[in-house]
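Computation of the quantities below employed the complete heavy-atom set of this structure, encompassing side-chain atoms and omitting hydrogens, waters and symmetry-equivalent molecules. Note that the structure is a prediction, hence the values are computed from the model and not measured.
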Amino acid sequence: MSLYSMSIANIGNRVCGVALLVASLLLYSCGDGGRNGYGVSFSDELKYDIEKEMDRLPESRLRLAAKITTPNPSDTIYIRGLIANRLMSVKMRHEANFTKAITYARTAYDRAVLIEDTVEIVKNLNELGTNYRRIGALTDALEYHYKALAIASVYHDSTSIIALKNLTYAYNGVGNIALSMHNYDEAKRCFLLGLKLEDQLGSQVGMAINYANLGSIMQKEEKYDSAFYYYSKSYETNLKCGSSLGVALCHNHFGSLYELQNKLDSAKIRYRQSYDMLLTSSDKWHWLVSCVSLGRVCLKMNNLNEAEEYLVSARDIATHTDAAESLEEAHELLASLYRRKGNLKAALAEVEHTIELNETIRRGLQNNTFNNAQMMYLRDKAAREHQIQMEKAAMESERRSTWNKINILVVIVIIVVVTHLVITFRRIRSRNNLVKSLQNSRNRVFSIISSEVKTPAVEQRDELRYLVENIDSLSVDEQKQHLMQIYTIAVKQVEQLNSLQTWAHIQMGYVKPNIQAINLCQLVTSSIDMLSLAAKQKNINFDMPYDNSKLVSADSEMLSCVMLNLLTYAIKLSLSGGEVVIRYKDEAFFTMLYIEEHGVVLSEEQIATLLERKSDIADVDTDADVSSAIGMRICVELINRCNGSLSIERRVNRGSTFVLTLPKPNK
């Protein structure tokens, strides 16, 4: 290829690369451009790194980060404060401090709304819903979860792990609330949807939670066998993913199931396992449930002192937290316990605390108790919000539509131009390759003529000149000898011309091999007879075992040409008075023929020159003792067309061996 065509090709490749880059950027601009919402943009990678960093901070520093703010919502400090508030809400929820948890979640939600980050909006709506559900404010909790579900359904990306996780969180929240209001159909629908999404995400923890939730529904419906099945699935999944919290909650589920079936010993064992695993956990809300459950089952077993120990501990912890349900049950159970012990004063005090809780919390919450009509109202409300969000998204999409069309049009134009340039450059390169191929063919012809035709002609001329100039002084026998030499050279020249004709036909694709079964021994013997004069002149003997059973699969004319060339090389390389040894070796599917000359030891470079299939034969340098490499090239090409192979082995200080491998005929 010329330097000009190479430079043209390089320019074409670069133009193509730049065009593809531009096209990618334009196509990228047709989408959201990596935005998380539809306001101030913070990448998911940045938020993930910030959250991972802050999750390792002690509570005091995280609390400080939650208070820090900035007037500029696009500042990184702003998103750090938002994430810090959300993480603080989770920590407070685990400590059953729901008042503070709600405050932090509300702050995080307000910040997310300001920057219009839908991912953070949905996360914090779900966090608010969970916190309100834990304190029994089910109406507020359901409204937050339905709102999260509505927004997530519009703006979620089906391939985004974060978006799908937000959807599952919302479904689980709604399902838990529906379970509390005894609307088991709605709860089951939400948990099954959540389970499907968690499976899609490959989240073992999420699947375990939904299995446990489905078990709770079965338990409420008094389908204990089904409940035990789902709890077992949750337990196995939690073990598989190494969730100690999930395992502890499963023990609590098993305990409640055994308690309902009046298997109090088994229930106590399970509650105790849950209690022990959660004792050092920061999740006080679930620990309180286990602690109260232990006290309740001990009370049923009439282990009053043990029950008092658990219930007093649960009451004292719950008093300083917002775990109203656990606190109320602890007071109620302690009242029953003290009545059994005959301590009526203490029992009365516990009853008064229970009544106080009922009046201040339960009575207010009962006004918000769920019913199906209220749930339908909230669902309709969420659907309306969903529609509003969809309209907003449609307006945003329409705003970008014009730019999208322009960008796509530009990309199409660039692709058309680049395609045209690439096709043009390829045509130029193809034309240059054709010119080079013609030049190589011309060089090949001249090289062959000079090396294969000219040399025998010169030898023949020199012999004739010597005969003409000295005919009077030569005897008849000497004249016959010189004439025989001239004849031998002529025969060799004819053979070389035949080989060149064969090579030319190979190059032009005219030669089609006629594969048939050939007696290898007979073919070798015939070739030796044809070269007997050349061998006699150097006093070369042939050592060959005659085996008429050696059959190979090949083209007769091609193999004969190859054999003549190889034996000629062997004679030429052998020392005068030497020997050419021919051996056979049978393999499973091949027959190998070894032609050993006991003279010149070919070097690795000479062997490589003889066997290497260069495209430009004119560039080949051949050794005078090796004759021309072109004849060997013809042998290589012919033997390959016969599905065989040719190689040369060096025998140090002992000459060289030509190894011909040919397939055996099919039986």
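The salt bridge (Lys or Arg N to Asp or Glu O under 4.0 Å) test applied to Lys664 returns Asp586, not counting sequence neighbours. Not a single salt bridge (Lys or Arg N to Asp or Glu O under 4.0 Å) links Glu649 to another residue, sequence neighbours left out.
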Is there a side-chain contact (heavy atoms from CB on, under 4.5 Å) between Val205 and Leu245? Walk through the geometry before answering. CA-CA 10 Å; Val205 174; Leu245 175 60; over 6 Å; no
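In the displayed structure, Tyr229 atom OH is contacted under 6.0 Å by at most 12 heavy atoms of other residues, nucleotides or ligands. Counting non-hydrogen atoms of other residues, nucleotides and ligands closer than 6.0 Å to CD of Gln479 gives a total above 12. Residue-environment remark: OH (Tyr594) exceeds the threshold of 12 foreign heavy atoms within 6.0 Å. Within a 6.0 Å sphere centred on CD of Glu478, heavy atoms belonging to other residues, nucleotides or ligands number more than 12. Within 6.0 Å of the NZ atom in Lys240, the count of heavy atoms belonging to other residues, nucleotides or ligands does not exceed 12. Atom CZ of Arg461 sits in a crowded spot, with more than 12 heavy atoms from other residues, nucleotides or ligands closer than 6.0 Å. Environment of OH in Tyr546: crowded, with over 12 heavy atoms of neighbouring residues, nucleotides or ligands closer than 6.0 Å.
For the pair Ile528 and Met544, the tightest heavy-atom approach, listed with the atom from each and the gap, is CD1-SD, 4.3 Å. Residues Ser574 and Glu597 share a closest heavy-atom pair of OG-CB, 3.4 Å. The two residues Thr168 and Lys165 come nearest to each other via the heavy atoms OG1-O, 2.6 Å. Here the closest heavy-atom approach between residue Arg583 and residue Val581 is recorded as CG-CG1, 4.0 Å. The two residues Ile540 and Leu575 make their nearest non-hydrogen contact at CD1-O, 3.2 Å.
At least one side-chain heavy atom of Arg427 sits less than 4.5 Å from a side-chain heavy atom of Ile423.
Without hydrogens or angle criteria, Ser532 side chain to Asp529 main chain gives a donor-acceptor distance under 3.5 Å. Using a distance-only test at 3.5 Å, with no hydrogens or angles considered, a donor-acceptor pair links the side chain of Ser656 to the main chain of Leu602. Under a 3.5 Å cut-off, the side chain of Ser526 and the backbone N or O of Gln522 do not form any donor-acceptor pair. In this structure, Thr419 contributes its side chain and Ile415 its backbone to a donor-acceptor pair below 3.5 Å. With Ser430 contributing its side chain and Arg426 its backbone, the two residues share no donor-acceptor pair below 3.5 Å. A donor-acceptor pair under 3.5 Å is absent between the side-chain atoms of Glu579 and the main chain of His598, judged by distance alone.
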